[in-house]
Amino acid sequence: MAANWTRVIFFLALVMTVVILAPSVVSGGDALSDLKIRTHLKRLNKPALKSIKSPDGDIIDCVPITDQPAFAHPLLINHTVQMWPSFNPESVFSESKVSSKTKNQQSNSIKQLWHVNGKCPVNTIPIRRTTRQDLYRANSVENYGMKNQKSIPKPKSSEPPNVLTQNGHQHAIMYVEDGTFYGAKAKINVWKPDVEMPNEFSLAQIWVLGGNFNSDLNSIEAGWQVSPQLYGDNRTRLFTYWTSDAYQGTGCYNHLCSGFVQINREIAMGGSISPLSNYGNSQYDITILIWKDPKEGHWWLQFGEKYIIGYWPASLFSYLSESASMIEWGGEVVNSQSEEGQHTTTQMGSGRFAEEGWGKASYFKNVQVVDGSNELRNPENLQVFTDQENCYNVKSGNGGSWGSYFYYGGPGRNPNCP
């Protein structure tokens, strides 16, 4: 009898050991081998000339421009870095270096926290170092840094509304379609929304789109996001994304795969940004501009009014090698829902509905597109869309110094969004 009890106790102890240790060894149901992790980290973390410890815990590696991850892409093996765009949309550099001051809006420049501890040398770029813990949080090493197909806002989808709201991603956007576009711009209000579950995120971004939503969509994206699974915290961070096949196998966030070519040594993609807006108080926004260089064909990214970050080479894309056919601006969240079917409490924007307006609801303002003459202009036939307006909504307007604008967002779960 004593021997049987000994075996039972040993078995229970073994089970408890496996349960306790499992989270550190297994993520998303896949065993992440040490060799696979080391190989992937070596692929992403290039040798740095200098490394900077950020107050938020990030390590920023200053990597030579020619050694960045972009050039591992098969289409970019012999790529010559374009160190400056050949053309810029008309008047892009004639604006003030900072946003105009409106009510309680601050004219201070948005900064990244790592700047307080140093700068990257000339001819290097700052890259946020990927850690072993980052990969443990991923569903798999292979999918680290990638979105899924449910990330695509489809305003005119033929699917019934209940399918759209249950696919795990919800949106509140303004959009323009059925045109020929060569870029987009907006000033995006910056907040720190609460994210309920580690595998959820909340973001605000611009989508530059071409192709078919179901199979070969080309998308270039940039904005800010809060993503605990991707970054390991709840900080608001600058990000980019791209795909050439509707998120099936190409593209990624920031520098987490090959593709995006960075030339700027001051801004780190995936780096946290500050200051952030406060409810009923100071409001801050970032300017994002994406445009196609008519000479070289690459799609360029500008952050703020002075930082030319880099570009997505034209060779990465099929449809976007020519132009975009649709532009979207707005917010997106992941709604993983609970076992009881309750909606997430993950906030979009400020976590307030659009009706609350200035200082309370999040906004996009000065929404513009780049036309065939390489000029910024106000879009025509703008429309708005939301998956489930009782959870997150959007309200548009036009006029004054804000041009075309909209407020958007919401709290997620509430009495009208159970």
Side-chain angles (χ1 to χ4, degrees), residues 44 68-70 72-73 76 127-128 130 134 138-139 142-154 168-171 173 175 183-186 188 190 195 199-211 213 216-231 235-262 264 267-273 286 288-292 298-303 309-314 316-320 324 326-334 348 364:
L44 294 178
Q68 62 184 290
H73 196 286
L76 303 178
I127 299 181
R128 179 183 180 271
T130 300
D134 290 333
N139 294 323
E142 293 78 10
N143 293 330
Y144 173 63
M146 299 178 67
K147 287 186 178 184
N148 62 48
Q149 289 178 278
K150 298 174 182 178
S151 298
I152 312 169
K154 294 187 280 189
H169 290 245
Q170 293 188 308
H171 308 85
I173 64 171
Y175 69 98
K185 183 180 182 182
I188 308 174
V190 184
V195 175
N199 64 332
E200 297 179 335
F201 65 66
S202 181
L203 60 75
Q205 69 171 62
I206 298 174
W207 289 262
V208 176
L209 302 166
F213 275 87
D216 57 3
L217 182 76
N218 290 191
S219 181
I220 290 173
E221 308 167 22
W224 61 259
Q225 66 180 165
V226 175
S227 179
Q229 185 175 53
L230 187 61
Y231 302 107
R235 293 185 180 276
T236 301
R237 295 173 177 273
L238 179 69
F239 81 94
T240 61
Y241 199 92
W242 71 275
T243 180
S244 61
D245 64 355
Y247 307 95
Q248 295 179 80
T250 64
C252 63
Y253 284 109
N254 309 323
H255 292 289
L256 298 180
C257 68
S258 54
F260 180 74
V261 178
Q262 183 159 338
N264 185 282
I267 301 298
M269 305 315 305
S272 58
I273 54 180
I286 59 173
I288 295 291
L289 169 62
I290 301 169
W291 83 98
K292 186 176 178 62
H298 307 319
W299 288 88
W300 284 84
L301 172 67
Q302 178 177 308
F303 172 66
I309 305 300
Y311 60 92
W312 295 268
L316 296 176
F317 305 103
S318 51
Y319 292 96
L320 288 180
M326 185 174 190
I327 308 291
E328 298 176 344
W329 302 260
E332 176 185 356
V333 301
V334 173
M348 181 187 293
F364 279 62

For this session: Look at the aromatic rings of His255 and Phe260 and report parallel, tilted or perpendicular, splitting at 30° and 60°.
Result: tilted
Exercise. Is His298 close to Val261 at the side-chain level, that is, under 4.5 Å between some pair of heavy atoms?
Worked result: no
Exercise. What closest approach, in Å, do Met269 and Arg128 show between heavy atoms, and which atom pair accounts for it?
Worked result: O-CB, 4.2 Å
Exercise. Should the pair His169 and Phe201 be assigned to parallel (<30°), tilted (30 to 60°) or perpendicular (>60°) ring geometry?
Worked result: perpendicular
Exercise. Is Leu320 close to Val208 at the side-chain level, that is, under 4.5 Å between some pair of heavy atoms?
Worked result: yes
Exercise. Do Pro313 and Leu76 have side chains that get closer than 4.5 Å, going by heavy atoms?
Worked result: yes
For this session: Would you indicate whether the side-chain heavy atoms of His73 and Leu316 approach each other to under 4.5 Å?
Result: yes
Exercise. Does the side chain of Leu230 come within less than 4.5 Å of Phe239's, by heavy atoms?
Worked result: no
For this session: Before giving the answer on side chain to side chain contact (heavy atoms under 4.5 Å, CB included), spell out for Phe213 and Met326 the whole-Å C-alpha distance, their side-chain angles and the decisive distance to 0.1 Å.
Result: CA-CA 11 Å; Phe213 275 87; Met326 185 174 190; 3.7 Å; yes
For this session: To the nearest 0.5 Å, tell me how far Ile290 CD1 sits from Trp300 CH2.
Result: 13.5 Å
Exercise. Going from NZ on Lys147 to CD on Glu332, what distance comes out if it is rounded to the nearest 0.5 angstrom?
Worked result: 4.5 Å
For this session: Please name the residue in the list Ile309, Val190, Ile273 that meets the side-chain contact (heavy atoms from CB on, under 4.5 Å) test with Leu238.
Result: Ile273
Seminar exercise, completed: In short, Ile206 meets Ala184 closest at the heavy-atom pair CG2-CB, 3.9 Å
For this session: Without swapping roles, check the side chain of Asn218 against the backbone of Phe317 for a donor-acceptor pair under 3.5 Å.
Result: no
Exercise. With a 6.0 Å cut-off on ring centres, are Tyr311 and Trp299 close enough?
Worked result: no
Problem set entry | From CD (Gln205) to OG1 (Thr240), nearest 0.5 Å | 10.5 Å
Problem set entry | Least distance between heavy atoms, Phe364 atom then Ala186 atom | CD2-CB, 4.0 Å
For this session: Would you check if the side chain of Gln262 reaches a backbone N or O of Ile267 as a donor-acceptor pair within less than 3.5 Å?
Result: yes
Problem set entry | Single hit among Tyr241, Trp207, Trp242 for ring pair (Phe, Tyr, Trp, His ring centres under 6.0 Å) with Tyr247 | Tyr241
Exercise. How far apart are the closest heavy atoms of Val333 and Ser202, and which atoms are they?
Worked result: CG1-OG, 3.7 Å
Exercise. Just how far is it from atom CG of Asp134 to atom OH of Tyr231, taken to the nearest 0.5 Å?
Worked result: 10.0 Å
Seminar exercise, completed: Nearest heavy-atom contact between Gly183 and Ile327 is O-CD1, 4.2 Å
Exercise. Can you name the closest pair of heavy atoms from Pro69 and Ile127 and give their distance?
Worked result: CD-CD1, 3.6 Å
